[in-house]
K.L.:
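Have a look at the structure that comes next, please.
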2 protein chains.
Amino acid sequence: MKFGPIEFRHLRYFTAVVESKSFRAAAQRLHVSQPPLTRQVQQLEELLGVSLLERQPRGVELTAAGAVFYEEARNLLALAEQAIDRTQMAAQGQLGRLDIGVFGSAVFDAIPRVIQAFRLAYPKVDIVLHNLDRAGQIRALRERRLTVGFNRFFVEEVGLLWDVVLHEQLNVAVHEAHPFAKRERLNFDDLADQPLIVYPRTSRPSFIDQVLSMFHSRHLTPQIVQEVDDVVTAIALVSSGFGLTLASDSALTLRLPGVVYVPLEVTEAQIDLCMIRRADDESALLRAFINVVHAVLPPRG
Amino acid sequence: MKFGPIEFRHLRYFTAVVESKSFRAAAQRLHVSQPPLTRQVQQLEELLGVSLLERQPRGVELTAAGAVFYEEARNLLALAEQAIDRTQMAAQGQLGRLDIGVFGSAVFDAIPRVIQAFRLAYPKVDIVLHNLDRAGQIRALRERRLTVGFNRFFVEEVGLLWDVVLHEQLNVAVHEAHPFAKRERLNFDDLADQPLIVYPRTSRPSFIDQVLSMFHSRHLTPQIVQEVDDVVTAIALVSSGFGLTLASDSALTLRLPGVVYVPLEVTEAQIDLCMIRRADDESALLRAFINVVHAVLPPRG
DNA sequence: CCGTTGCGATACCTGAGCGGTATCGTTCCG
DNA sequence: CGGAACGATACCGCTCAGGTATCGCAACGG
């Protein structure tokens, strides 16, 4: 007689017999007749080359090896259940890993809010944040190292899709000693002859270019006194009295000593936060994340 | 179409397809043709209600859920292998749990030597020592809480078997200030009028009765000045100059200040160590342990 | 003491389902 | 545009899981 490899059937039958201490009782429990049970357990024993049960006039008793195998079998069956559960959860986007690319001032407010909400709704999903500039995000998306990316703006890229997920207002960051600090609102004309700190220096075009185009459309030329890498450095310079800078709403959570934020005139002074993803990514996880993003971030800035 | 429950076959086929990134290649690896593979994987997906693979013109790609299930499947297959290994080891007595009952002075030398040797030969067997007197050992053996018991002697018990596993010589423990401390050997006549400490007080008959019968067979009557519970207490009293006591070779490892051991005349002054076990216990673990006992303890005391 | 009862094992049969061959539809490549 | 390679499908044969009937054995009750 030649037997194939072990199957879950052997484990189910064996554990049922052990738990019922009887072939007949186990057969009832499993809704099969008794002879197949006998046969499967015999096969299992032959397969293992080990006697698992001691057949006695009144029911069966486990051997030492049988006790060991019973524990193992129970464990395997439970793990198989778990495997199915976990797979089905993964299919519904409730389990897995989400790699998110972030860059710029959105990391200070919008992204944390999104992530907090997502973790609450999908606690078994591991979220990994990657600080990558736009080019890095696009490369990582293509190489499947990233599921979504956030950036100030994107251009059309084959195989990728992007949406604007948030409109933010612009604010002027000034030192409290500056006369603007007392103003309720400011407009672009006010800024034209002020010492302006701009960012980011690399990864252009970006936030700065959007800002500059707003100046140009008003036929204004800002006085750029310093270019820095990021918003934190820019605000730090403002804090030291070096000049003014512009910041999105997300940056308002950045509180540095002596720095006051004054809202800029609303008209057209909007800055976008965009989300980019693969066009062919139809995973439930991504869909779930997009839903959370749109639920958390207001449809209108 | 109605499918039964998941089987290991599904896991083996699925993992092979994932690892080969192709149904055809996996089919070769598994020594089956391609169509059954397709069918089993389709069944698996239907069983789970989840799409696991993305069929593409050049081979297959895992979905997110598929990646999760692949990890689970690998794990399950590995654990199944382990389960078989462990069961086979248990059948050979290389894995399991050995409950050993011990009592009296043998715990100081003979038993530790046996256990050390056994642990070396069977490292995956858990050894649990239980300090039980003879009656406790017999009850525990009957209730299967014990595999073997060691004691000074046993009487015939239905369902149980016992063997003498060690003959030990008797020694006289005296204080170094006592004149006997300088003697090379002593005999029973020397002890007749000496203040004798005897043990154990309970669990009779035991060591003390064996000793007393040696006196009586020589028509001697020892001067018992104190009965104590165990050999440690007896030696402690000797250490404080209270009197003499008799101790087996195993007790020689008990070194207390001022205590000197002098061997007793060899003839008939032997004390047995016995091992008791269930008559119906044919486990490989017990057989292995008995072999170690006989290998470690000298066949002649 | 012996018939009864309950256990697991065995013998034999039937059909579901696993694996086989042949072939299809699609996509990629030369 | 024809050929090659992929997975899916159709269909077939045979293995083997599960069914029924029965056996052999041990424990128990009258």
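Only heavy atoms go into these numbers, but all of them, side chains included; no hydrogens, no water, no symmetry mates.
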K.L.:
Rounded to the nearest angstrom, tell me the gap between atom CD in A:Q42 and atom P in D:dG18.
P.N.:
14 Å
K.L.:
Is there a side-chain contact between B:S22 and the phosphate of D:dG7, meaning an N or O under 4.0 Å from OP1 or OP2?
P.N.:
yes
K.L.:
Could you give the CZ-to-P distance, from B:F23 to C:dT26, as a whole number of Å?
P.N.:
18 Å
K.L.:
Is the ring pair A:W162/A:F154 parallel, tilted or perpendicular, if the boundaries are 30 and 60 degrees?
P.N.:
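Judged by the thresholds at 30° and 60°, the geometry between A:W162 and A:F154 is tilted.
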K.L.:
Would you mind checking if A:R12 and B:E7 are paired as a salt bridge, meaning a charged N to carboxylate O distance below 4.0 Å?
P.N.:
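Counted as a salt bridge, because a side-chain N and a carboxylate O are separated by less than 4.0 Å.
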K.L.:
Salt-bridge test for A:R74 and A:E19: reply yes if a basic N is under 4.0 Å from a carboxylate O, no otherwise.
P.N.:
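Here A:R74 pairs with A:E19 in a salt bridge, since their nearest N and O are under 4.0 Å apart.
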K.L.:
What is the distance, to the nearest angstrom, from the CD atom on B:Q34 to the C1' atom on C:dA22?
P.N.:
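Answer to the nearest Å: 12 Å.
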K.L.:
In whole angstrom, give the distance that lies between atom OH of B:Y13 and atom P of D:dG7.
P.N.:
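Interatomic distance, OH of B:Y13 to P of D:dG7: 16 Å.
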K.L.:
Counting just side-chain N and O atoms, does A:R55 come under 4.0 Å of either OP1 or OP2 of C:dC7?
P.N.:
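Answer is no, no contact under 4.0 Å.
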K.L.:
So how far off straight is the helix from C:dC1-D:dG30 to C:dG30-D:dC1, going by the axes through five pairs at either end, to 10°?
P.N.:
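It works out to 10° between the end axes.
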K.L.:
Of the nucleotides D:dA8, C:dG19, D:dA17, which has the atom closest to the A:R39 side chain?
P.N.:
D:dA17
K.L.:
Salt bridge check: are A:D163 and A:R277 linked by an N-O gap of less than 4.0 Å?
P.N.:
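Answer for the salt bridge query: yes.
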K.L.:
Has B:T38 got a side-chain N or O lying under 4.0 Å from the OP1 or OP2 atom of D:dG7?
P.N.:
no
K.L.:
Give the minimum heavy-atom separation between B:I271 and B:R152, together with the two atoms involved.
P.N.:
CG2-NH1, 4.1 Å
K.L.:
Check this one for me: any side-chain N or O of A:Q43 less than 4.0 Å away from OP1 or OP2 of D:dA17?
P.N.:
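It does, given that an N or O in the side chain of A:Q43 lies less than 4.0 Å from OP1 or OP2 of D:dA17.
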K.L.:
Could you state the CD-P distance from B:E45 to D:dG7, rounded to the nearest angstrom?
P.N.:
13 Å
K.L.:
What is the distance from NE2 of A:H10 to P of D:dG18, rounded to the nearest Å?
P.N.:
9 Å
K.L.:
B:Q40 has a side chain; which of D:dA8, C:dC18, D:dG18 sits nearest to it?
P.N.:
C:dC18
K.L.:
For a quick check, tell me whether the side chain of A:Q56 and the base of D:dA26 share a donor-acceptor pair closer than 3.5 Å.
P.N.:
no
K.L.:
Answer yes or no: does a side-chain N or O of A:R9 lie under 4.0 Å from OP1 or OP2 of D:dA17?
P.N.:
yes
K.L.:
Is the distance between the ring centroids of B:F103 and B:F150 under 6.0 Å?
P.N.:
no
K.L.:
I need the CG-P distance between A:L37 and C:dT10, as an integer number of Å.
P.N.:
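Computing the A:L37:CG to C:dT10:P distance gives 15 Å.
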K.L.:
Does a side-chain N-to-carboxylate-O contact under 4.0 Å join B:D280 and B:R144?
P.N.:
yes
K.L.:
So how far is it from B:R278 CZ to B:I138 CD1, rounded to the nearest 0.5 Å?
P.N.:
13.5 Å
K.L.:
Please state whether the base of D:dG7 and the side chain of B:R24 form at least one donor-acceptor pair under 3.5 Å?
P.N.:
yes
K.L.:
Just to confirm, is there a sub-4.0 Å distance from OP1 or OP2 of C:dG19 to any side-chain nitrogen or oxygen of B:S33?
P.N.:
no
K.L.:
Quick one: B:K21 NZ to D:dG7 P, roughly how many Å, whole number?
P.N.:
13 Å
